[in-house]
Amino acid sequence: MAQPIRVVVTGAAGQIAYSLLYSIAKGDVFGHDQPIVLILLDITPMLPVLDGVVMELQDCALPLLKEVISTVKVEEGFKDIDAAILVGSMPRKEGMERKDLLKANVAIFKTQGAALDKYAKKTVKVLVVGNPANTNCLIASKSAPSIPKENFSCLTRLDHNRACSQVAMRCGVSSEHVKNVIIWGNHSSTQYPDVHHAKVSLQGSAVPAYDAVKDEAWLRGNFISTVQQRGAAVIKARKLSSAMSAAKAICDHMRDIWFGTKEGEFISMGVHSDGNSYGIPGDLIYSFPVQIQNKTWKVVDGLSVNDFSRAKMDATAAELVEERDMALAFLSQ
């Protein structure tokens, strides 16, 4: 059997992690023949909850799970890890301004980035989930200069999955019949779900999404706003944020990093924007269509961009530039 890999999940006592940890420990992410040491990192007040999570993982009696470590120390949490899933962040509280949220999260992800730099393997793959995910990912990467910036990504797969599902339901097919939707930009309400290059499998034929849906007004209107506002709609209904769907998206994202994307297909993830062919400013974590081979992502180049898409791609980039500049000002304090 292979050597165990070490995987850390931050915010491990939270509800997203509760939906996520079983899938990782069972082998759904890193492979059903890959033993795992699971490291659960959280803040001191959450330790009693973390103890309960550890007990449950032990009680699952999962053959691939070789060890579970719970800790509040970053030096223990990030030591020699192969993968980091950074779920924990400061949530927005009532009355909190955006700049206050950014300032709190800069402090968290500066600390975690520095710990990754000092303790993790240089090959570590880092996925940032905690919001604002794009900018938190940028801060973590900048705080870990010895780890290749290509090893950092943020989660827009949940938005990608939401977009696939909306198109699938509209066409009366299951979601695996929808390929190559794109989420451009920020994991926020400015993100742009784009189906101009998507295909829907109908009776065995790959049909362009616009032809399959046959409703341009919906695709340019309610479809986009539904995907953009889906997180808020879940909170309104559940009184809690998306957890099950976020955990599934994390699994999809990390599994694709580990095993690659399918031939001819691309998925969405937030990655460094330097050198992209779409005119997006550099030094951002921006969601692009990517293909992955050998644990290395590559932005899919050469896709046509019409004026409608261009305006939406630029608007979400402008928000990210503003977030980045504010975050970097806090980082330098």
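A salt bridge links Arg170 to Asp215: one of the charged nitrogens lies within less than 4.0 Å of a carboxylate oxygen. Taking the charged nitrogens against the carboxylate oxygens, Asp274 and Lys149 do have a contact shorter than 4.0 Å, which makes a salt bridge. Comment: Lys142 engages Asp283 in a salt bridge, judged by a side-chain N to carboxylate O separation of less than 4.0 angstrom. Ionic pairing of Asp159 and Arg162 is present here: one or more N-O contacts between side-chain nitrogen and carboxylate oxygen are shorter than 4.0 angstrom.
Phe308 and Tyr192 have perpendicular rings, their planes meeting at more than 60° on a 0 to 90° scale where under 30° would count as parallel.
One distance of note links CG of Leu138 with NE2 of His272; it measures 6.0 Å at 0.5 Å rounding. Between atom CD1 of residue Ile183 and atom CD1 of residue Ile267 there is a gap of 11.0 Å, rounded to the nearest 0.5 Å. Expressed to the nearest 0.5 Å, how far OG1 of Thr10 lies from CG of Leu40 amounts to 10.5 Å.
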(Q) Assess the residue pair Trp258 and Lys295 against the criterion (side chain to side chain contact (heavy atoms under 4.5 Å, CB included)); give the C-alpha distance rounded to whole Å, side-chain angles, the decisive distance to 0.1 Å, and a yes or no. (A) CA-CA 5 Å; Trp258 234 250; Lys295 297 193 175 76; 3.5 Å; yes
**Q.** Step-by-step side chain to side chain contact (heavy atoms under 4.5 Å, CB included) determination, Ser287 to Met269
**A.** CA-CA 5 Å; Ser287 183; Met269 54 196 258; 5.7 Å; no
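Residues Ile182 and Leu303 are in side-chain contact: their nearest non-hydrogen atoms beyond the backbone lie under 4.5 Å apart. The shortest distance between side-chain heavy atoms of Leu65 and Val37 does not fall below 4.5 Å. Counting heavy atoms from C-beta outward, Ile24 and Leu38 have side chains that approach closer than 4.5 Å.
Taking the ring axis of Phe30 as reference, the NZ or CZ atom of Arg255 does not stay both within 45° of it and closer than 6.0 Å to the ring centre.
Within the 3.5 Å criterion, the main-chain N or O of Gly279 finds a donor-acceptor partner in the side chain of Asn276. Judged purely by atom type and a 3.5 angstrom limit, Tyr210 has no side-chain atom pairing as donor or acceptor with the backbone of His197.
Residues Glu56 and Tyr22 have side chains that never bring a donor and an acceptor to within less than 3.5 angstrom of each other. Between the side chains of Asp252 and Asn161, at least one donor N or O sits under 3.5 Å from an acceptor N or O.
Looking at every heavy atom in both residues, Ser309 comes nearest to Asn306 through N-OD1, 2.8 Å.
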